[in-house]
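Let me begin by presenting the structure, written as structure tokens, before commenting on it.
The analysis underlying the following values was restricted to heavy atoms, covering all of them including side chains, and did not include hydrogens, waters or symmetry mates.
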Amino acid sequence: MVKYVNCDIFYMNVDIIGHQVNLHGIMGGGIAREIKERFPDVYEEYREICLSENGLLGKMHLTYAYVDEGGESELMIANLFGQDESVGQRVLTNYSALASSLKFLHEWANMLDKKTIALPYGLGCGIAGGDWNIVSKLIEDEFGADEGLVCYVCRLV
């Protein structure tokens, strides 16, 4: 199920926050930069994967943002590899790759019994230049029919 909400994604009480990333280990803008600043370990892990692995386009990297004092995991970050390039004026979002990475996110959320995901409104449409009409349909197609999982699309107002 997909629900659109007006809120800061970082204040959502969800299991997983997902966002689009490139293949070059750069989190230079948008939600990615905010994740890099809030969760430096997530950034370092993502960067290492980009430097050491090939074939990431269309995949997803899921990691814990932090662990509480009792050793319990609190929040996961899903790096969605839907963007090959990291700079330039053309559309950088690869819709097929983004759809594939959303599918991986959905599958892993179900395997790990996670019930809530938050994605930013405009996922892949800011710096990466994607078309929200296309991306929102990808999100709806992937998560819309799953009544056991809520995918929040967070719009900062």
The test is side-chain contact (heavy atoms from CB on, under 4.5 Å); show your working for Glu53 and Glu48 and say whether it passes. CA-CA 8 Å; Glu53 294 186 26; Glu48 282 299 315; over 6 Å; no

Close side-chain approach of [X] and [Y], heavy atoms under 4.5 Å:
X      : Y      : result
Leu119 : Leu80  : yes
Val135 : Trp132 : yes
Asp84  : His24  : yes
Leu156 : Ile9   : no
Leu123 : Val153 : no
Leu138 : Leu102 : yes
Thr93  : Gln20  : yes
Cys154 : Cys7   : yes

Can you confirm if the NZ or CZ of Lys59 lies within 45° of the ring axis of Phe81 and under 6.0 Å from the centre of its six-membered ring? no

Can you name the nearest heavy-atom pair linking [X] to [Y], along with the distance?
X     : Y      : value
Leu92 : Ile127 : CD1-O, 4.2 Å
Arg47 : Gly25  : CG-O, 4.0 Å
Leu56 : Cys50  : CD1-CA, 4.0 Å
Leu57 : Gln83  : CD1-N, 3.9 Å

Going from [atom1] on [X] to [atom2] on [Y], what distance comes out if it is rounded to the nearest 0.5 angstrom?
X      : Y      : atom1 : atom2 : value
Glu74  : Tyr64  : CD    : OH    : 10.5 Å
Met27  : Glu44  : CE    : CD    : 10.0 Å
Ile117 : Ile139 : CD1   : CD1   : 10.5 Å
Leu75  : Asn13  : CG    : CG    : 9.5 Å
Lys137 : Ile134 : NZ    : CD1   : 10.5 Å
Lys103 : Trp108 : NZ    : CH2   : 14.5 Å

Is there a side-chain contact (heavy atoms from CB on, under 4.5 Å) between Ile16 and Leu62 once you walk through the steps? CA-CA 9 Å; Ile16 302 169; Leu62 190 61; 4.0 Å; yes

If only atom types and distance count, is the side chain of [X] paired as donor or acceptor with the main-chain N or O of [Y] below 3.5 Å?
X      : Y      : result
Asp15  : Thr116 : yes
Tyr43  : Ile26  : no
Ser100 : Gly58  : yes
Thr63  : Val42  : no

Would you be so kind as to tabulate the donor-acceptor pairs closer than 3.5 Å made by side chains of residues 143-152, with sequence neighbours excluded?
residue: Asp146; atom: OD1; partner: Gly148; partner atom: N; Å: 2.9
residue: Asp146; atom: OD1; partner: Leu149; partner atom: N; Å: 3.3
residue: Asp146; atom: OD2; partner: His106; partner atom: NE2; Å: 2.7
residue: Asp146; atom: OD2; partner: Asn110; partner atom: ND2; Å: 3.4

Applying side-chain contact (heavy atoms from CB on, under 4.5 Å), run through Ile35 and His19 and close with a yes or a no. CA-CA 9 Å; Ile35 286 171; His19 70 116; 3.3 Å; yes

Quick check: are there more than 12 heavy atoms from other residues, nucleotides or ligands sitting under 6.0 Å from CG of Asn6? yes

With clusters defined by side-chain heavy atoms of hydrophobic residues (ILVMFWY) lying less than 4.5 Å apart, directly or transitively, does Val14 cluster with Tyr11?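 Unlinked, Tyr11 and Val14 end up in two clusters.
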
Full working for side-chain contact (heavy atoms from CB on, under 4.5 Å) between Met76 and Ile17: CA-CA 6 Å; Met76 300 185 88; Ile17 292 175; over 6 Å; no

Evaluate the ring planes of Phe39 and Phe10, with Trp represented by its six-membered ring, and classify them as parallel (under 30°), tilted (30 to 60°) or perpendicular (over 60°). tilted

